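All values reported here derive from a predicted model rather than from experimental measurement. Order of the sequence lines sets the chain letters (A, B, ...), proteins ahead of strands, with each chain counted from 1.
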Protein chains: 2
Amino acid sequence: MRLATRRDGSRDGELVVVSAHHDRWVSARGIAPNLQAALDAWDQLAPELARLDRELASGAAGEPSDFARLSAPLPRAYEWIDGSAFVQHIELVRRARGAALPENLLREPLVYQGGSGCLLGPYDAFPLADEAWGLDLEAEVAVVVGDTPRGVSASRALDHVRLILLANDWTLRELVPAELAKGFGFFVAKPATSFSPLALTPDELGAYWREGRVHLPLESSVNGRRLGEPHAGEMHFSFGELIAHAAQTRSLTAGTIVGSGTVSNRDASRGCSCLVEQRTREVLAGGAATTSYLKVGDRVRIEMRDPAGVSLFGSIDQTVVAA
Amino acid sequence: MRLATRRDGSRDGELVVVSAHHDRWVSARGIAPNLQAALDAWDQLAPELARLDRELASGAAGEPSDFARLSAPLPRAYEWIDGSAFVQHIELVRRARGAALPENLLREPLVYQGGSGCLLGPYDAFPLADEAWGLDLEAEVAVVVGDTPRGVSASRALDHVRLILLANDWTLRELVPAELAKGFGFFVAKPATSFSPLALTPDELGAYWREGRVHLPLESSVNGRRLGEPHAGEMHFSFGELIAHAAQTRSLTAGTIVGSGTVSNRDASRGCSCLVEQRTREVLAGGAATTSYLKVGDRVRIEMRDPAGVSLFGSIDQTVVAA
């Protein structure tokens, strides 16, 4: 199933089921008022949503889709927990700001708790109050979990994955060093995160979803210029390990979103999913950083396609505007 | 108004309005299904809740209360943003773990993003999987805000405060140093936070709520033994300043909870709101830390009373149990 949230004036929007070709959709209002409500009673409602999906596929239900009406699948979520599971990204970014690598980098997942009360839709303008803050994208894969008990193992954690989607975890790079120096992690350096139009049940990814990772490249571009398409399967920690880490000392409620962190590969030819990596590579290549952070008017596009070229989650396509 | 959430089997519980003496309450089901729904449409619903409160006061509505049925006012919240606005606490705790003080300690609020998907009620047992994790309480004052725009000023931020309550921001002290060394802030060191039975509209505090601070002492005890009653008015940063800082680069949605951080005073005779401060004071007094962190079976009580001895928020009263 491909699920999305259509704006209807309410805070949570209206849940819609979207067809395989993304050209048609059907309201799921009769089953659940919104995606959070569906996640709250997933075991009971998922079969009903699947039935609606079959009606949509058969042509017995549905209407032409209009993706411009979509918000984030969860316009407000109870938690947004973002991992940093691509070790190459951590190495590059910390090198860029002269910070030490975590001693247990390869043994224990690194996650931070992000703001989740106001999440941006895939086509929402991104409001930037000050270009000197160094706005960067971070293209990621994320999962939405159901109720996940405290102390869950990494292998059992994957049983709680309900949906998979893409995220752009916007970062204000120039605010990061001073903020992290205070010792409490990110806060103002992480404005509202954006999500892809569609959230997919894992079965829609077939064999591309295995070992708790999405084995496909993630494409990012800025102003139509390729930034990269690193392979999301190169995650050092699986989503199972990220979820288990996040649930080590507390339970996670249904609708909690867990992110992979910026997708990043050792193979530099695959490019990047954020500008700070590209800048660091420019510096490491012996020069100065020539890539700028984002300015007002810049456009960021993030998408994931299967080998046949089919866009799986729809695209995140946002323009930076003056706040 | 005194608002609370009665467990009814649903995820968000049932909103109730509680009488001034806490002995009676009335369901607000006819106005809003739960507290989050009331906060979502506060301007419209608060007058209706006030009318219900008057009916309760006059005896025209209501029934005897049974606080044992209460959960946290918001059993799940969209954000829990915890400040550390008592500078004395930061100084003592960082001294205890040999960490440097933030360079801009007195100029810029320190906040962290906490988990908010599973919050504990005032009488819920606290499940502890490992006593070696060093369980500590942190008694705090917190506010619930309505929709708060990005970039709000500290003075205007106070207009968005809808409710005031107490929190126990449980901390696993022995997990803190390794976690903060990773650079992304707290995560597993901060299990589910607990909240007081009652959330009060600011007017209920009268002159005790002024300048964005609650000017009353906050009492904490462990196993019936006084830990302290530091004065919550000694906040270095006001709630207005904490909210403005939190909203610097993103909006806050209705129902976001913002905490003061552990209430702590320069006057050592007022005692502490957490055990790590007491331990640090024992060490600074020239001895060893003799106060232990919490063990299974320990009972923590947190309460705030006015000078007449009236408990304003009801008590947080929790026992640590083996997980």
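- Residues of residues 115-129 of chain A lying under 4.5 angstrom from chain B, judged on non-hydrogen atoms, are A:Gly115, A:Ser116, A:Gly117, A:Cys118, A:Pro127 in numerical order.
- A:Thr253 has its side chain within reach of B:Arg11: a pair of non-hydrogen atoms, C-beta onward, lies under 4.5 Å apart.
- B:Arg76 pairs by the salt bridge (Lys or Arg N to Asp or Glu O under 4.0 Å) definition with A:Asp40, B:Asp12, not counting sequence neighbours.
- For A:Leu105, no part sits under 4.5 Å from any heavy atom of chain B, backbone or side chain.
- If you measure heavy-atom distances from B:Trp80 to chain A, you find no contacts under 4.5 Å at all.
- Under the rule for a salt bridge (Lys or Arg N to Asp or Glu O under 4.0 Å), A:Asp82 has no partner lying at least two apart in sequence or in another chain.
- A:Leu252 touches chain B through its backbone: at least one of N, CA, C or O sits under 4.5 Å from a heavy atom, while the side chain does not.
- In this structure, chain B has a heavy atom under 4.5 Å from the side chain of A:Asp147, while its backbone stays farther away.
- For A:Arg150 against B:Ala323, the heavy-atom pair with the smallest separation is NH1-CB, 3.4 Å.
- Residue-environment remark: CZ (B:Arg7) exceeds the threshold of 12 foreign heavy atoms within 6.0 Å.
- B:Ile90 does not touch chain A: none of its heavy atoms, backbone or side chain, sits under 4.5 Å away.
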Tabulate below the donor-acceptor pairs under 3.5 Å that side-chain atoms of residues 176-186 of chain A make, not counting sequence neighbours, or state none.
unit_1, atom_1, unit_2, atom_2, d
A:Glu179, OE1, A:Phe187, N, 2.7
A:Glu179, OE1, A:Val188, N, 3.1
A:Glu179, OE1, A:Ala189, N, 2.8
A:Glu179, OE2, A:Phe187, N, 3.4
A:Glu179, OE2, A:Val188, N, 2.9
A:Lys182, NZ, B:Glu108, OE2, 2.8
A:Lys182, NZ, B:Pro109, O, 2.9

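- With a threshold of 4.5 angstrom between heavy atoms, B:Leu175 approaches chain A through side-chain atoms but not through N, CA, C or O.
- The candidate from B:Ala192, B:Ser251, B:Ala246, B:Gly151 with the greatest count of non-hydrogen atom pairs under 4.5 Å with chain A is B:Ala246.
- If you measure heavy-atom distances from A:Leu101 to chain B, you find no contacts under 4.5 Å at all.
- The CG atom of B:Leu172 sits 11.0 Å away from the CZ atom of A:Arg250 when rounded to the nearest 0.5 Å.
- A:Ala254 touches chain B through backbone and side chain together, each having a heavy atom under 4.5 Å away.
- For the atom pair CG (B:Leu74) and OH (A:Tyr78), the distance works out to 9.0 Å, reported to the nearest 0.5 Å.
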